[in-house]
Number of protein chains: 2
Amino acid sequence: MFELARFLPYHINRTGVRLATAFGAELARHGLSVPMWRVLAALWQGGERKSADLIVDTSIEQSTLSRLVTTMEQRGMLTRRRSNHDARAVVVALTEEGRRVTKELIPYALRNERIALRGFSREEIDILLGMLTRIYDNAADLKL
Amino acid sequence: MFELARFLPYHINRTGVRLATAFGAELARHGLSVPMWRVLAALWQGGERKSADLIVDTSIEQSTLSRLVTTMEQRGMLTRRRSNHDARAVVVALTEEGRRVTKELIPYALRNERIALRGFSREEIDILLGMLTRIYDNAADLKL
DNA sequence: TATTGTTATACTCTATAACTATA
DNA sequence: TATAGTTATAGAGTATAACAATA
């Protein structure tokens, strides 16, 4: 009827916690938190995103993101400016320093991923990422 | 070099956050948090676990778990007693009320899982759970 | 001395709502 | 009126270390 060992959210959670804890320790040595890394990683491609996009990209809640961006702005990792197209929206962009620290951390992130996926074929990884995307999309229908 | 869309921790995190947020809303209507549900779910099979086991089962950090158990004990969901075999260890057990609320929540949990896994075959689910377990095991080697 | 768990502290993230500004 | 974001506040989780009890 209900077996924890076959319950998907259980497996997702424990795997996610383990990955985040390990990388979080490395991030802490660089003075960063995991949510900060998520913002940097989301900004890495393209270099800038609207706040609304960052909420989607990072799964960080709006008010948390707003203050996180303030902190990171104060530390010189990114800039915040109003959008030209819609002055209600805010565009967040990496600074040179933000790019530097992100570039410095990417090898650690990829190394951890490689270890986590040890023994997986390229094909298996594609299948896994596809499944996680399908679940993410399906879960949009879960009622709050 | 680094693509967020192909980065495993990114997919794990956003899927986990979405699942936890949706079920957390249901739990809140029962006066519970997601970590509380994790404790209940871990205790469901067998009805009791040592604190050290619960840390593994729930991925909740030791001091957080200790106070969480205190809260749940005060609310009558579970009991805490010293182990007979080793009086350093604490055994946590569901009360009748704890069993009742867990039993009440299981259908919601299973319903959410069913929606999240919509379109998946039984075979695919087995493959997915197997992959997540392999990643979890591999990730034990990540250095902190 | 080592292990299991509790408590204290400071910090971060979340949730909610009130607020500001722009549309 | 609606939308994007900020700020305020309270609550919950995390990290670390100090502490107590037991081995």
Side-chain angles (χ1 to χ4, degrees), chain A residues 13-14 16-29 31-39 48-75 78-93 144, chain B residues 13-14 16-29 31-39 48-75 78-93 144:
Chain A
N13 177 65
R14 68 172 191 163
V17 168
R18 186 167 273 189
L19 292 174
T21 301
F23 191 47
E26 180 60 42
L27 289 169
R29 286 187 278 275
L32 297 176
S33 66
V34 172
M36 286 176 182
W37 158 253
R38 290 193 178 119
V39 172
E48 63 176 48
R49 304 284 283 144
K50 284 189 291 181
S51 286
D53 298 327
L54 281 181
I55 289 170
V56 175
D57 293 346
T58 63
S59 303
I60 295 170
E61 185 274 339
Q62 191 184 41
S63 70
T64 304
L65 180 69
S66 180
R67 271 169 315 139
L68 186 59
V69 167
T70 300
T71 303
M72 294 174 75
E73 190 181 18
Q74 286 166 354
R75 292 202 203 162
L78 42 80
T79 59
R80 174 155 45 182
R81 67 166 202 277
R82 293 210 169 264
S83 166
N84 298 325
H85 302 296
D86 181 345
R88 291 173 304 182
V90 163
V91 176
V92 179
L144 298 173
Chain B
N13 177 65
R14 69 173 190 163
V17 168
R18 187 167 272 189
L19 292 174
T21 301
F23 192 46
E26 181 60 42
L27 290 169
R29 287 187 277 276
L32 298 176
S33 65
V34 171
M36 285 177 183
W37 157 254
R38 290 192 179 122
V39 172
E48 64 175 48
R49 304 285 282 144
K50 284 189 289 181
S51 286
D53 297 329
L54 281 182
I55 290 170
V56 175
D57 294 346
T58 62
S59 303
I60 296 169
E61 185 275 339
Q62 192 184 40
S63 70
T64 304
L65 181 68
S66 180
R67 272 170 315 144
L68 185 59
V69 167
T70 301
T71 303
M72 294 174 76
E73 190 181 17
Q74 286 166 353
R75 293 202 201 162
L78 43 79
T79 59
R80 175 156 43 182
R81 67 164 203 279
R82 292 211 170 263
S83 166
N84 297 324
H85 301 296
D86 182 345
R88 289 174 304 184
V90 163
V91 176
V92 179
L144 297 175

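Throughout, a chain's letter reflects where its sequence line sits, starting with A, and its residues are numbered from 1.
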With a 4.0 Å cut-off (strictly under) to non-hydrogen atoms of chain B, the first and last hit nts on DNA chain D, 5' to 3', are dG13(D) to dA23(D)

Check your understanding: If we ignore angles and hydrogens, is there a donor and acceptor under 3.5 Å between the side chains of R38(A) and S59(A)?
Key -> no

Among the nucleotides dT3(C), dC13(C), dT22(C), whichever has the atom closest to the side chain of T64(A) is dC13(C)

After noting the C-alpha distance and the side-chain angles of I55(B) and I60(B), does the key distance pass the side-chain contact (heavy atoms from CB on, under 4.5 Å) rule?
CA-CA 5 Å; I55(B) 290 170; I60(B) 296 169; over 6 Å; no

Given the options E48(A), R82(A), R49(A), R80(A), V91(A) meets side chain to side chain contact (heavy atoms under 4.5 Å, CB included) only with E48(A)

Here the gap from R88(A) atom CZ to K50(A) atom NZ, rounded to the nearest 0.5 Å, amounts to 9.5 Å

Rounded to whole Å, CD of Q74(B) lies from P of dT6(C) at a distance of 12 Å

In whole angstroms, the gap separating C1' of dT12(C) from CG of L27(A) amounts to 14 Å

### Query
With a 4.5 Å heavy-atom cut-off, do V92(B) and T79(B) have their side chains touching?
no

In whole angstroms, the gap separating P of dC13(C) from CE of M72(A) amounts to 10 Å

Here the distance between atom P of dT6(C) and atom CD of E73(B), to the nearest Å, is 9 Å

Closest of dT6(C), dC13(C), dT9(C) to the R80(B) side chain is dT6(C)

In numerical order, the residues of residues 48-63 of chain A whose heavy atoms come under 4.0 Å of DNA chain D are S51(A), A52(A), Q62(A), S63(A)

Exercise for review: Please answer whether the main-chain N or O of L54(A) pairs with a side-chain N or O of T58(A) as donor and acceptor at a distance below 3.5 Å.
Suggested key: yes

Comparing nearest nucleotides in DNA chain C, the 5'-proximal residue of the pair D86(A), S33(A) is S33(A)

Between the side chain of S66(A) and the main-chain N/O of Q62(A), is any donor-acceptor distance below 3.5 Å?
no

- Counting only side-chain N and O atoms of R82(B), is one of them less than 4.0 Å from OP1 or OP2 of dT4(C)? no

Exercise. Between S63(B) and E61(B), is any side-chain donor less than 3.5 angstrom from a side-chain acceptor?
Worked result: yes

Between NE2 of H85(A) and P of dT22(C) the distance, given in whole Å, is 17 Å

Closest non-hydrogen atoms of L78(B) and V69(B), given as atom of the first, atom of the second and distance, are CD1-O, 3.6 Å

note: L32(A), atom CG; dC13(C), atom P; distance rounded to Å ~ 11 Å

